[in-house]
Amino acid sequence: MGSVNPGDAPRTPAAASRRGTDFLQLDPAAAPARGLTTWLADQLRAAIIDGRLRPGAALPATRILADELGVSRGIVVEAYQRLKDEGMVQARRGAGSIVTARPATEPAATEPAPTRVPFLPRRWRADADIDLSPGVPDLSGFPRAAWLRAERTVFNQASAADLGYGDPRGSYQLRHELVGWLARVRGLRAQPEDIIIVAGVAQALALLAQWLRDHGRPLIAVEDPGSRGARDELAYWGLKPVPVSVDEHGLQADELAKAGRDVRSVLLTPAHQFPTGAVLAPERRRSLVSWAAAIDALIIEDDYDAEYRYDRTPVPAMHASAPSHVAYTGSVSKTLAPGLRLGWLIPPAPLHTDLVTAKHASDLGSPALPQLVLAQLIASGDLEHHIRQARRRLRGRRDALLAAVRDHLPGAEVHGIAAGLHVLITFPRLAGQVRDTDLADRIREAGVLVQPLSVHGERSEVPSLVMGYAAHTADQLRTAVSRIGRVLS
Ligand SMILES: Cc1ncc(COP(=O)(O)O)c(C=O)c1O
C-alpha cells in the first residue's frame, strides 16, 4: 500500500469512502500475525487523535478497506465497532461510519490547548500594522546568500568531530575569529581562551546573575531608564536591581558610590545607552572604573548595538580599558538576527572557570553549526560587508524618521547620538497633560506600535516614546509619524 501525505486526506465523507486509505498509511505488513483487529482499531484511533481523520470525516467503506489490507471484512467491521463503542465513530445512514470527535482528554491536533507563556510576542501587536518596537533589526536584510555560502564552506570543511559535543566555551574557530573582529570593531583585546560563546546577551546576563547571587552579591546597579528586559531577567535570577539615573552623558557614575557598599556590580550600555541613546562620557567611564577598582566591583558591559554608529566610529568598548573589572557581552542579535541566539561573553579572568562550568551545566555549549557559519562569515569579510550595507540603509531610515518628526511632530525632541536601531522622542509641550502609556495606547489605536519610556523605568512629567526604525522603509516611517502627528493634533 502506498503511503500518502496526510495533507491528501479526503475532504468529504463520500470521497473518503471511495478513495481508500492511502492517507492513513496503514501497513498490514507491520501488523502482528494475530490481533489484527486490535492493530487496526489502534491505527484508526491514532489517526483520529492526530487529526488525519477529523470529526465529520467518513471511515473507508469496510469492504474497500478489507480489500486494501488483504484481511477479512469481519476484522474491519469489528475494529469499527470498537471505535463506535469508544464514542469516536458513529454509523450514519448512507454515509457509512463517521468520525464523531476526538477523545475528550486529548487536545485537538490543530488547536493546541492555549498555554500562557508570558514572553511570547504580544498578541496586541496585531492591532498595529506598523510596529516600531525598539530592538528589532532589519530582518528582511538578513544576508541569506552570504549565510548559505558560508554554510556550504563549513560543510565542505568541517570534520566529523566539529559536529560533536564541543568545548563548552564554544567553537575555537569562532572564538579565534571574534578576537580579530572585536579588536577591529570594538578596540577590544582578548584571546580565544577568554571568550565564552553564549546564547545571546541574555544568556550572558543569566550566567553572571547566577554567579553574583551565588557569591552573596544580590544588589546590582542598573540604568534608569534602562532595558526593562534585562532588569527583569536579573530579578528572575534572584538579583535585586538598584536603579541609578541616566542623563545625556549616560549613567551618573557618582551615584553608584551613594548606592552603598553592598552594590558591587553594575549593568550598563556605555556605547549607546538603552533607551536614551546617550554615550557614556569619558569622565564617567573613568570614575566607573575607579569605583570598580576601589571595591573590586563588576561592570557588566552590554554592547548590544555598538556596530551601528552613523556619524563616526563608535567609542571603544569599556573592556578595552579595564579588562579585569569588565564582563563584556555582545551578540549578533542586532547585526544578523536575534533568532540565531548567538553571542559572546568575556568575563574578568577570576570568573571564567565558574562561568564556563555554569554554561556547561545549562546546555553543554551552544549549537555548533551556527558558530562555524558565523566564524566563516567573519573570515570571508561577508559580515563586515553586510554591516556596512546595513549601516547605510539604517542611517537613511533614521534620517527619514527624524525628518518626519520635524514635519509632523512640532515641538518634539529627539534624543541620543546618531546610532543604533531606535530613538527616544520626548514631548515637552505635553508635560503633565498625558502619561506616556496613554499616549502609546492612542498611537496604537492609530495602527502604530511605540514603546512608552516608562516601561524602562523612569517616570517623567514629559511623555516620552521609544521608537525603533530599523525594520521599516522610509515611506513606512513617514506614514507612522504622520499618524502619530494626527493623534497629537
Ligand atoms: C539593551 C539590550 N540588551 C540585551 C538584549 C538582549 O540581546 P540578545 O538577543 O543578545 O540576548 C536586548 C534585546 O533587545 C537589549 O535591548
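Just so it is clear, the values below take in all heavy atoms, side chains as well, and ignore hydrogens, waters and symmetry mates.
Take S482 and apply the side-chain contact (heavy atoms from CB on, under 4.5 Å) test, not counting sequence neighbours, and it matches H408, R486.
Between the side chains of Q157 and D162, not a single donor N or O lies within less than 3.5 Å of an accepting N or O. Side-chain atoms of S140 and D138 form a donor-acceptor pair, as typed in the model, at a separation below 3.5 Å. Side-chain contact of T479 with Q476: a donor-acceptor pair under 3.5 Å is absent, judged by distance alone. For the residue pair E223 and T269, a side-chain donor N or O sits within less than 3.5 Å of a side-chain acceptor on the partner. When only modelled atom types and interatomic distance are considered, S133 and D131 share a side-chain donor-acceptor pair under 3.5 Å.
Here the closest non-hydrogen pair linking R284 and L251 is CD-O, 3.0 Å. Between R186 and P314, the shortest heavy-atom distance links the atoms NH1-CB, 3.6 Å. Nearest heavy-atom pair across W147 and P370 is CH2-O, 4.1 Å. Contact detail for L139 and L336: the closest heavy-atom pair is CD2-O, 4.0 Å. The shortest heavy-atom contact between L219 and S265 is O-OG, 3.4 Å. The minimum heavy-atom distance between S331 and V201, with the atom names listed, is CB-N, 4.0 Å.
The structure places CD of E307 at 9.5 Å from CG of L421, a figure rounded to the nearest 0.5 Å. Rounded to the nearest 0.5 angstrom, I378 CD1 and L182 CG are separated by 7.5 Å. In this structure, CD1 on I195 lies 11.5 Å from OG1 on T329, to the nearest 0.5 angstrom. Note that CG of D194 and OH of Y328 are 13.5 Å apart. Values are rounded to the nearest 0.5 Å. Note that CG of D224 and CZ of R231 are 6.0 Å apart. Values are rounded to the nearest 0.5 Å. A distance of 7.0 Å separates CG in L288 from CH2 in W291, rounded to the nearest 0.5 Å.
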After noting the C-alpha distance and the side-chain angles of L374 and Q371, does the key distance pass the side-chain contact (heavy atoms from CB on, under 4.5 Å) rule? CA-CA 5 Å; L374 177 61; Q371 293 187 60; 5.9 Å; no

Verify side-chain contact (heavy atoms from CB on, under 4.5 Å) between F155 and L369, making sure each step is shown before the conclusion. CA-CA 9 Å; F155 273 116; L369 271 176; 3.6 Å; yes

Let me see the working for L268 and D302 under side-chain contact (heavy atoms from CB on, under 4.5 Å), right down to the final yes or no. CA-CA 6 Å; L268 80 165; D302 174 1; over 6 Å; no

Using the rule given for side-chain contact (heavy atoms from CB on, under 4.5 Å), can you reason through L424 versus L465, listing the C-alpha separation, both sets of side-chain angles and the distance that settles it, and then say yes or no? CA-CA 6 Å; L424 172 67; L465 302 173; over 6 Å; no

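A donor-acceptor pair under 3.5 Å is formed between the side chain of S380 and the backbone N or O of D382. Side-chain N or O atoms of R54 include none that pairs as donor or acceptor with a backbone N or O of I48 at under 3.5 Å. Q273 places a side-chain N or O within donor-acceptor distance of the main-chain N or O of P225, the cut-off being under 3.5 Å. A donor-acceptor contact shorter than 3.5 Å is absent between the side chain of H360 and the backbone of V356. Proximity of a side-chain donor or acceptor of S464 to a complementary backbone N or O of S460 within less than 3.5 Å is not detected. Checking side-chain atoms of R391 against main-chain N and O of Y310 turns up no donor-acceptor pair under 3.5 Å. At least one donor-acceptor pair closer than 3.5 Å links the side chain of Q210 to the backbone N or O of A206. Between the side chain of R169 and the backbone N or O of I196 there is no donor-acceptor pair closer than 3.5 Å. Within the 3.5 Å criterion, the main-chain N or O of G238 finds no donor-acceptor partner in the side chain of R213. No donor-acceptor pair closer than 3.5 Å links the side chain of D232 to the backbone N or O of G229.
Counting heavy atoms from C-beta on, the side chains of L453 and Q451 never come closer than 4.5 Å. Within the 4.5 Å cutoff, the side chain of F427 has no heavy atoms near those of the D436 side chain. Counting heavy atoms from C-beta on, the side chains of E384 and W181 come closer than 4.5 Å. Side-chain contact check for I300 versus I220: some heavy-atom pair is nearer than 4.5 Å. At least one side-chain heavy atom of M318 sits under 4.5 Å from a side-chain heavy atom of R285. The shortest side-chain heavy-atom distance between L449 and I130 does not fall under the 4.5 Å cut-off. Two residues are said to be in side-chain contact when any heavy atoms from C-beta on lie closer than 4.5 Å; E301 and P270 meet this criterion. Within the 4.5 Å cutoff, the side chain of L477 has no heavy atoms near those of the M467 side chain.
Aromatic pair H319/H325: ring centres not closer than 6.0 Å. With ring centers used as reference points, F274 lies under 6.0 Å from H456.
Salt-bridge formation is detected for the pair R175/D167: a Lys NZ or Arg NE/NH1/NH2 atom is positioned less than 4.0 Å from an Asp or Glu carboxylate oxygen. Salt-bridge annotation for R435 and D441: absent, with no side-chain N of the basic residue lying under 4.0 Å from a carboxylate O of the acidic one. A salt bridge links K359 with D363: the distance from a Lys NZ or Arg NE/NH1/NH2 to an Asp or Glu carboxylate oxygen falls below 4.0 Å. We find that D399 and R397 are not joined by a salt bridge, their nearest charged nitrogen and carboxylate oxygen being 4.0 Å or further apart.
Within 6.0 Å of the CZ atom in R393, the count of heavy atoms belonging to other residues, nucleotides or ligands exceeds 12. More than 12 heavy atoms of other residues, nucleotides or ligands lie within 6.0 Å of CD in E283, so this atom counts as buried by the packing criterion. The environment of H215 atom NE2 is dense: over 12 non-hydrogen atoms of other residues, nucleotides or ligands sit within 6.0 angstrom. Counting heavy atoms of neighbouring residues, nucleotides and ligands inside a 6.0 Å radius, atom CZ of R184 exceeds 12 of them. By the neighbour-count criterion of 12 heavy atoms within 6.0 Å, atom CZ of R312 is densely surrounded, having more than that number from other residues, nucleotides or ligands.
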Ignoring hydrogens and angles, write down the donor-acceptor pairs under 3.5 Å from the side chains of residues 337-351, residues two or more places apart or on other chains.
{"unit_1": "R341", "atom_1": "NH1", "unit_2": "P338", "atom_2": "O", "d": "3.1"}
{"unit_1": "R341", "atom_1": "NH2", "unit_2": "A199", "atom_2": "O", "d": "3.2"}

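Pairs of residues two or more places apart, or lying in two chains, never qualify as side chain to side chain donor-acceptor pair (under 3.5 Å) while including a residue from residues 253-264.
For the ring pair (Phe, Tyr, Trp, His ring centres under 6.0 Å) criterion with H422, the lone passing option out of H272, H472, H415 is H272.
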